[in-house]
Amino acid sequence: MEGTFNFSKPLDTDFFQQPTLDLASSLLGCILVKETEEGTAAGIIVETEAYIGPMDQAAHSYDNRRTARTEIMFHQAGLAYTYVMHTHTLFNVVSGEPGKPEAVLIRGVEPLSGLDLMVKRRGMPESANLTNGPGKLTKALGINMSDYGHPLTKKPLFITQGPVPDSISSGKRIGIDNSGEARDYPWRFWITGNRYVSRHQKAEKTIVNNGGST
DNA sequence: TTATCGATTGACT
DNA sequence: GTCAATCGATAAC
């Protein structure tokens with residue numbers, strides 16, 4: 001039934017125009033969809049990290065560094081920022097106002113549709129390992145550098161509304177040990193307890209859907 | 001659990 | 001030309 005999976009309409013540009021930290025948590029539970037000639041694959045976003053260029057030493061765009069690579073972060077919110085590191089492509093959602101180089105890294109998704117395709121692309125059987133990391137999910141979904149700068153409000157790569165998470169946790173970001181004090185900013189967000197979160201780590205804060213905070 | 005190596009890209013000298 | 005990087009898989013311990 002994969003060809004007929006009924007996704008809701010892509011989110012609008014306004015959704016992406018909220019402040020970057022809000023967007024990073026709002027993206028949890030949303031559905032990331034990529035359509036290719038091989039078929040469609042989609043997953044629920046379960047883990048994100050915010051990068052706020054101007055004052056964030058961990059961001060590629062720290063201190064407003066504007067280069068061919070970071071250029072897209074200076075543009076309108078809702079575009080795709082993809083880049084390659086080592087053997088992997090990483091996917092970010094551009095956020096912030098035009099002129100402010102901010103983005104949200106997608107670090108984990110829960111497979112929702114196109115599972116066979118993901119298994120094939122990853123060359124491994126189904127498991128949490130399929131999409132529980134930023135390089136893993138791009139490979140599973142077929143995201144690559146040709147998606148650089150694509151607006152996430154339309155095909156073939158887009159984001160739609162999904163189930164609202166019961167509980168969201170936040171804590172320090174992963175893999176930025178060399179970033180001065182920015183390494184301790186609690187700008188990572190994940191769906192509490194989800195098995196497709198890339199790494200288990202102590203939450204500094206957990207917010208349950210209906211208010212309460214622990 | 002930590003360590004190392006792969007192998008690509010962009011940024012800076 | 002050189003080097004570091006929003007990582008992943010595997011090997012060693």
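Because the structure is a prediction, the values reported are computed rather than measured.
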Sugar-phosphate only, base, or nothing, as touched by A/R199 at under 4.0 Å among non-hydrogen atoms: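 Nothing, no nucleic acid heavy atom in range.
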Sugar-phosphate, base or nothing in reach of A/Y81, heavy atoms under 4.0 Å: base
Any N/O pairs under 3.5 Å between the protein and nucleotides 7-11 of chain B? List them or say none.
residue	atom	partner	partner atom	Å
B/dT8	O4'	A/H86	O	3.1
B/dA11	OP1	A/T67	OG1	2.0
B/dA11	OP1	A/R69	N	3.3

A/K139 vs C/dG8: side-chain N/O to OP1/OP2 distance below 4.0 Å: no
N/O (side chain, A/R173) to phosphate O (OP1/OP2, C/dC7) under 4.0 Å: no
Aromatic ring pairing A/W187/A/Y185, orientation class (parallel under 30°, perpendicular over 60°, tilted between):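 Because their plane-to-plane angle lies in the 30° to 60° range, the rings of A/W187 and A/Y185 count as tilted.
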What is the distance from [atom1] of [X] to [atom2] of [N], rounded to the nearest Å?
X      : N     : atom1 : atom2 : result
A/R122 : C/dG8 : CZ    : C1'   : 8 Å
A/N129 : C/dG8 : CG    : P     : 10 Å
A/D56  : C/dA5 : CG    : P     : 14 Å
A/I52  : C/dT6 : CD1   : P     : 16 Å
A/E102 : C/dT6 : CD    : C1'   : 16 Å
A/Y83  : C/dA4 : OH    : P     : 16 Å
A/D177 : B/dT2 : CG    : P     : 12 Å
A/R183 : C/dA5 : CZ    : P     : 13 Å

Write down the atom of [X], the atom of [Y], and the distance for their closest heavy-atom approach.
X      : Y      : result
A/Y196 : A/E47  : O-OE1, 4.4 Å
A/G96  : A/E102 : CA-OE1, 3.9 Å
A/T89  : A/M145 : CG2-N, 4.4 Å

Output field: ring centroids A/H60/A/Y83 closer than 6.0 Å: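 Ring centroids of A/H60 and A/Y83 are less than 6.0 Å from each other.
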Do you see a donor-acceptor pair shorter than 3.5 Å between the side chains of [X] and [Y]?
X      : Y      : value
A/R121 : A/T138 : no
A/Q57  : A/R183 : no
A/S95  : A/T20  : yes
A/S26  : A/Q18  : yes

Cation over ring face, A/R173 and A/Y51, 6.0 Å, 45°: yes
Pair assignment for DNA chain C - dot-bracket with | for other-strand partners, Watson-Crick or G-U under 3.5 Å: |||||.||||||.
A/N178 side chain, from C-beta outward: closest of C/dG8, C/dA9, C/dA5: C/dA5
Selection from C/dA5, C/dC7, C/dA9 that lies nearest to any side-chain heavy atom of A/R107: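 Comparing C/dA5, C/dC7, C/dA9 against the side chain of A/R107, the answer is C/dC7.
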Whichever of A/I176 and A/M124 has its nearest DNA chain C nucleotide further upstream toward 5': A/I176
